[in-house]
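Whatever order the structure lists ligands and atoms in, that order sets their numbers, starting from 1. Here, residue 1 is the first one in the sequence, and each next residue gets the next number.
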Amino acid sequence: MTSWIDLRSDTVTLPSDEMRRAMASAEVGDDVYGEDPTINRLEARAAEIFDREAAIFLPSGTMGNQIAIKLHTRPGQEILCEERAHIFNYEMAMLSWFSGCMVRPISAPRGSLSWDLIAPKIAAATYYVAQTGLIVLENTHNMAGGTVTPIAAMEEICARAHERNLTVHLDGARVFNAAIYLGKPVAEVTRSFDSVMFCLSKGLGAPVGSLLVGSRDFIEQARRVRKALGGGMRQAGILAAAGLIALEYGPTRLHEDHVNARLLAEGAAAIPGITIELETVQTNIVIFDVSATGKASSEIAEALKREGVLVGTVNPQLIRFVTHLNVSRADCEQALQHLRKVCDPPRSV
Ligand code: TLP
């Protein structure tokens, strides 16, 4: 085992001993025949927690978002989302490749969309312009720094969209972090959306897996698309066994990650040359600008790596730290010490 302090992402979390034991003894069957009892339990539990008719287990969040996009749109349509959204920037342009759609991106302060920002971007109902097919929200918003869109804004967007027969999908990769911040159950936070994708493999700590939740009919169709994408996973109850533990116990400790992120953010804010909007640090992601240090983000990331701290770069100016169950408060304090040294090395006289 290495002793890296790994702040690159919460996707790096390692399965606990309890998960490994559950995986070793999981009851399994062929899920393409619907016969894996552990996957069936996970899907039923996810549907229950989100208060939906059905859920489907998937290998990744990307697959969940892309299946939802495929089902909610027709080729030649536009998808409205925030300009830094994961579906637009990190999903291999699959929404155009697989679903034949285009994005009309919207810039929103702190990544938080409102109906006022969305409404002017909806296509006019004339035959000679591409029609809006879908609205996608991301909560928490990863590249805006883990920010949370308030429930009232989400509900207004969904209600107004539905009045116009538009569907709304939630990329809820980290929706449990949003729910902790909002102090509400995920079912309440997500109730107005037509479909929700969430990940087990990030802060919740499972090694693999995401779920898509929605109506029974929608999830039945999602099963066809998952199979077409090669996502029929047979005896994947081995993975679902870890997922069940992640789903049940993962959310109970996420607040610790939020406290650690705040510690990192406040520590970073005090370093000369680092610019960070502290109000955006609401969950487990900290994004800050290092340009005033005179160094590129990649230089700082390389220097931190030499000290045993792994971090992500968003672009030449921005660094991303993500806290998770495998980094402690002490690790964060140590990471900050190294960041201070790397950004502001002692000058020789
Ligand atoms: N995010 C990853 C990278 O792809 C950027 C990360 O390290 O944060 N939606 C959101 C909001 C995400 O942040 C991610 C992954 C996904 C979807 C995709 O999930 P996976 O990686 O399971 O396909």
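- Nearest heavy atoms, Gln66 versus Ser99: O-OG, 4.4 Å.
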For ligand 1, list all ligand N or O to protein N or O distances below 3.5 Å, rounded to 0.1 Å.
residue: ligand 1; atom: 1 (N); partner: His86; partner atom: NE2; Å: 3.4
residue: ligand 1; atom: 4 (O); partner: His86; partner atom: NE2; Å: 2.9
residue: ligand 1; atom: 7 (O); partner: Ser9; partner atom: OG; Å: 2.7
residue: ligand 1; atom: 7 (O); partner: Arg320; partner atom: NH2; Å: 2.9
residue: ligand 1; atom: 8 (O); partner: Asn142; partner atom: ND2; Å: 2.9
residue: ligand 1; atom: 8 (O); partner: Arg174; partner atom: NH2; Å: 2.8
residue: ligand 1; atom: 8 (O); partner: Arg320; partner atom: NH1; Å: 2.9
residue: ligand 1; atom: 8 (O); partner: Arg320; partner atom: NH2; Å: 3.4
residue: ligand 1; atom: 9 (N); partner: Asp171; partner atom: OD1; Å: 3.0
residue: ligand 1; atom: 9 (N); partner: Asp171; partner atom: OD2; Å: 2.7
residue: ligand 1; atom: 13 (O); partner: Asn142; partner atom: ND2; Å: 2.8
residue: ligand 1; atom: 13 (O); partner: Arg174; partner atom: NH1; Å: 2.9
residue: ligand 1; atom: 19 (O); partner: Lys202; partner atom: NZ; Å: 3.0
residue: ligand 1; atom: 22 (O); partner: Gly61; partner atom: N; Å: 2.8
residue: ligand 1; atom: 23 (O); partner: Gly61; partner atom: N; Å: 3.4
residue: ligand 1; atom: 23 (O); partner: Thr62; partner atom: N; Å: 2.9
residue: ligand 1; atom: 23 (O); partner: Thr62; partner atom: OG1; Å: 2.6

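- Proximity of Asn65 to His169: side-chain heavy atoms (C-beta onward) are separated by under 4.5 Å at one or more points.
- Residues Val28 and Ile238 are in side-chain contact: their nearest non-hydrogen atoms beyond the backbone lie under 4.5 Å apart.
- Among residues at least two apart or in separate chains, ring-ring contact (aromatic ring centres under 6.0 Å, His included) pairs with a member in residues 275-333 are Phe288-Phe321.
- For residues 188-219, the ring-ring contact (aromatic ring centres under 6.0 Å, His included) pairs, not counting sequence neighbours, are Phe50-Phe198, His72-Phe218, Phe176-Phe198.
- Sequence neighbours left out, not one pair with a member in residues 111-154 passes ring-ring contact (aromatic ring centres under 6.0 Å, His included).
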